[in-house]
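None of the values given here were measured: they were computed from a predicted structure.
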Amino acid sequence: MNHNAANERMLTIMKQVMPSDIMVFLTPKNDSYNAQVFLSGTEIFVADEKSIPVEALRKINQQNQHQAAINLLQDSSVSIGSNQWATNKTEDGRAIIANDMHLPLAVPNLWYQARLNYPGVSLSGISLPGLPMMIAGSNQHVAWGFTDAKADVLDLVSLTINPDNKNQYQTPSGWKNFKMHSEVIQVKGEPDTRIEVRQTQWGPVSPKLLLGKQFAIQWTLFHPEAVNLSLADNKGHIAWTLTGKFPRRTNFDGAVSVTREQADISWHGMRPTSQYPHVIDPDSGILMTANNRVIAQQNDFLIGHNFANGFRAYRIAELLKSQQTMDKDFLHKIQLDTKTNFYTFYQQLALSALTDKVTATDPLFQELKSALQKWDGYANAESISFGLLVEYRVALANLIFSSYLQQCKAVDKNFHYHWRKMDTPLRLLLTYKIPDTLPGSQKYSSWNDLIIQVLKKTAKNIQQRFPEKRLSLLSWGDMHTVQLQHPFSRVFPWLGFFLNMPQQPLNGCTYCVRVATADFGASMRLVVSPGHEDKMILVTPTGQSGHPLSTHYQDRFPYWVNGKKCTSFQILKTQSCY
C-alpha cells in the first residue's frame, strides 16, 4: 500500500527547479480540516493572504505567460486508503469498531467473509484467499480494523557512478562494486526473459532515472509491512496505534532523494515500538482515522509527508460527536454518509462570479447559475450539478497549477503534481485573487474572468458528453455509475454480460465519507462489537462465490450499492440482509 516513491520523485524535481517559497506554498503539511481532528498533540494551522508568495508567483507567471497550458495535475485524492473509527459511547458501555477499506473494485472481490474456529478461539471477519489470517474482524475479545497510514518507509538513494568504472558506486567508505543477480521470467510459448538486477548496500537499482541520475530503492519491504491498526475490546476499551517498521532517519527526512555518500546521512535501524504513538480510551470516547495526518507537526515521530486531505476525517468526527450514545446501525450509517461541504467553496466561487451582468450576456451562464443553485450539498445519485462542481474544481486546479509547474515538466516529461492538500493553495489563490498571481494573464483579464471562462469550458465539455440533458437537470447519477468488472471481460468484452456486476448509479464521491468512483470504493464495510459477532454488519461488493452460475455470485451487490446491511449469524449458513 506504499506509494511514497512517486511523492519523492515529485518533491525532488520540484526542489530542483522551483523557488523554495513556491514549493512550500504548493506542498502544505496541513489543511483547515485536518487541524481540527488530530488524535495526538495540538497544532494551529493558519493559511491567509500572507501565505501566498506573490512576488515569486509573479516572476514564474511572466516566464510562462506564452506557454500553452498543459495537464500536470494527478489528483490522488482517490488512493488506496480507508475509514475507521471506534467508540465506547454506547448505552451499555460496549466498544464498537467500524472499518471500510477503499480499494480498486473488481469481480471477484478481494475479501471474503470467513470464520475460523479452533479450541478456545473463534475469529470472524474478512480474509484474503490464500492468506492464513483474518485481515479485519473480531475474536470475541478484541476487534480490529486498519487504514493506510500514508507512511514514508521508502527512500530513493541518489547514486554517484564511478566515471572510470560504471560497475561501481560511491559509498561513505569509497567506491563499491554493484552486486549482480539475474531474474528469469518464464513466458508461455516464448523464450525465457532474463532481467539483470544491480544491487547496492541500500537496495536494488531502479531501471528509471531521476533528474538524469541512477538511484537505489531502500524500503522496509524486507520487514513486516506497516499498517495502521485500531482496536476495540470486550471490556469497552478503544485504542489506536501504528504497526509495522519505521526507519530511524539521520540528518534527512526522506521527503526528497539524497545521496548517501556521507556516513551521517543514513538509516540507523528501525524505530523501537516503544516510541510508536498510541491513544487509549480518550475522554471523547471516539477514535477515528481516514488516511489523514494524525500527529501534530511538532511531534518528532515522522510518519509521512503527503497525507490525505482532512475532510473525510473531519466529517466522521463531526458525525461521531453529534451523538451522546451510538449503536452499530448508526456507525454503519456514517459509512454511507455523502454530505460533502468540501465542494461548497467551489459552488460559492462560481455563483459569486455569475452576477446578473454576466448571466445577461449568455444563456449558458443563466443555465449554469440555475444548476448550481440546485445542488443540495450531497453526492447522491439525484444531486443536481454535483458532477459539474467535481469537474470544475479539477479544471481550475489544472489550469492554475500547470502555469506554476511548467519547468518541472521540462526537466521530466513524466512529472505530475499530486499533492493531496492542493486545495489549500488553490483556495487561497481563488479567495484573494491577487492580480500578480494570475496565470495566463495574456488570456484572462482578471481572476473573475478566469473563473468564468473555466466554468464555461467545463459546462460545454459536459454538454458534449450528455447532450440529452440540460445542466439544470443533470444529476450525479447520470454522470457517476459503477460497474464491477471481471478481468476476463476486459479481454473478452462479450463475457461482461455473464461476469460483471450490473452497471448502477452510485452515491458517494472522492471527498465523501462514502468514497466512491466508477471502479474504486469500499471493498468491504464492517461494524462489530467484540463478543457480539452474531450481530456483526459485514457487506462486500460481490457475493462469496466466484462461480457466475452460483446464486451467491452477486447476491450481496444490491445491498452494497444501495447501502443496505447484512448481518451474518453463522457464516455461509444464515444471513440477513435489509
Side-chain angles (χ1 to χ4, degrees), residues 6-32 45-76 158 210-213 253 255-258 305-306 345-346 349 353 392-455 457:
N7 294 331
E8 192 163 325
R9 288 186 67 93
M10 173 189 67
L11 293 174
T12 302
I13 294 168
M14 291 175 70
K15 184 177 181 179
Q16 174 78 11
V17 304
M18 301 187 70
S20 60
D21 50 356
I22 294 183
M23 181 175 175
V24 170
F25 177 64
L26 295 180
T27 56
K29 291 181 171 61
N30 280 305
D31 57 60
S32 56
F45 177 73
V46 178
D48 55 24
E49 187 174 4
K50 296 178 182 178
S51 305
I52 305 174
V54 177
E55 181 60 22
L57 291 176
R58 182 188 65 80
K59 289 181 180 180
I60 205 167
N61 276 333
Q62 284 183 335
Q63 295 170 5
N64 297 328
Q65 63 181 339
H66 298 297
Q67 297 284 337
I70 54 177
N71 185 359
L72 296 179
L73 176 65
Q74 182 178 314
D75 187 357
S76 57
S158 181
L210 177 56
L211 293 174
K213 295 190 66 176
D253 65 4
V256 301
S257 177
V258 297
H305 308 280
N306 194 3
F345 173 88
Y346 301 99
L349 179 77
Y392 181 47
R393 166 187 168 269
V394 173
L396 284 168
N398 268 323
L399 174 63
I400 294 168
F401 293 136
S402 69
S403 175
Y404 303 149
L405 297 164
Q406 292 274 355
Q407 195 60 33
C408 295
K409 192 75 169 182
V411 300
D412 188 326
K413 64 179 182 180
N414 296 316
F415 175 83
H416 282 93
Y417 174 63
H418 46 87
W419 197 254
R420 298 187 182 96
K421 299 183 188 299
M422 70 173 188
D423 288 86
T424 296
L426 181 62
R427 293 185 183 193
L428 284 172
L429 292 166
L430 293 168
T431 297
Y432 292 102
K433 302 174 184 175
I434 301 171
D436 282 342
T437 65
L438 176 67
S441 57
Q442 300 295 312
K443 187 175 181 181
Y444 305 105
S445 60
S446 65
W447 272 101
N448 279 342
D449 183 37
L450 181 148
I451 290 166
I452 285 292
Q453 294 305 320
V454 174
L455 181 61
K457 184 177 180 180

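Put simply, the side chain of Pro425 reaches to within 4.5 Å of the side chain of Pro28, judged on heavy atoms. When side chains are defined from C-beta on, Leu349 does not count as touching Arg427, because their heavy atoms never get closer than 4.5 Å. Side-chain contact between Leu450 and Pro439: present, with at least one pair of heavy atoms (C-beta onward) separated by less than 4.5 Å. Leu57 has its side chain within reach of Leu429: a pair of non-hydrogen atoms, C-beta onward, lies under 4.5 Å apart. At a threshold of 4.5 Å between non-hydrogen side-chain atoms, the residues Trp419 and Leu26 do not count as touching. Looking at heavy atoms from C-beta onward, Glu49 lies in side-chain contact with Ile434 at the 4.5 angstrom threshold. Taking 4.5 Å as the limit, some side-chain heavy atom of Leu426 sits within range of a side-chain heavy atom of Tyr346.
Here the CE-CE distance, from Met23 to Met14, works out to 5.5 Å after rounding to the nearest 0.5 Å. Rounding to the nearest 0.5 Å gives a distance of 10.0 Å between SG of Cys408 and CG of Leu11. We find the OH-NZ distance between Tyr432 and Lys50 to be 10.0 Å, quoted to the nearest 0.5 Å. Atom CD in Gln63 sits 10.0 Å away from atom OG in Ser403 (nearest 0.5 Å). Separating the CD1 atom in Ile400 from the CG atom in Leu405 is a distance of 11.5 Å, to the nearest 0.5 Å. Note: Met422 CE to Thr27 OG1 = 14.0 Å, rounded to the nearest 0.5 Å.
Side-chain N/O atoms of Thr437 and Asn61 include no donor and acceptor closer than 3.5 Å. For the residue pair His418/Asn7, the side-chain donor-acceptor check at 3.5 Å is satisfied. A donor and an acceptor atom, one from each side chain of Asn30 and Lys421, are nowhere located under 3.5 Å apart.
A distance-only check finds a donor-acceptor pair linking the side chain of His305 to the backbone of Asp253 [under 3.5 Å]. Not a single donor-acceptor pair under 3.5 Å links the side chain of Ser257 to the backbone N or O of Thr12.
Within 6.0 Å of NZ in Lys457 there are 12 or fewer heavy atoms belonging to other residues, nucleotides or ligands.
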*side-chain contact (heavy atoms from CB on, under 4.5 Å) between Lys433 and Ser446, intermediate numbers included*: CA-CA 8 Å; Lys433 302 174 184 175; Ser446 65; over 6 Å; no
*Evaluate the criterion side-chain contact (heavy atoms from CB on, under 4.5 Å) for residue pair Leu430 and Phe345; output intermediate values, then yes/no.*
CA-CA 10 Å; Leu430 293 168; Phe345 173 88; 4.0 Å; yes
_Using side-chain contact (heavy atoms from CB on, under 4.5 Å), reason through Tyr392 and Ile451 one step at a time and then give a plain yes or no._
CA-CA 9 Å; Tyr392 181 47; Ile451 290 166; 2.9 Å; yes
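Considering only residues two or more places apart in sequence or on other chains, Phe401 meets the ring pair (Phe, Tyr, Trp, His ring centres under 6.0 Å) condition with Tyr417. Scored by the side chain to side chain donor-acceptor pair (under 3.5 Å) test, Glu55 finds Arg58 as partners (sequence neighbours excluded). Scanning for salt bridge (charged side-chain N to carboxylate O under 4.0 Å, His left out) contacts around Arg9 gives Asp412, with sequence neighbours left out.
Closest approach of Leu428 and Phe25 over heavy atoms only: CD1-CE1, 3.9 Å. Residues Tyr444 and Leu438 come closest through the heavy atom pair O-CD2, 3.5 Å. Considering every non-hydrogen atom in both Ala395 and Val454, the closest pair reads CB-CG1, 3.7 Å.
A salt bridge links Arg393 with Asp423; the closest basic N to acidic carboxylate O contact falls under 4.0 Å.
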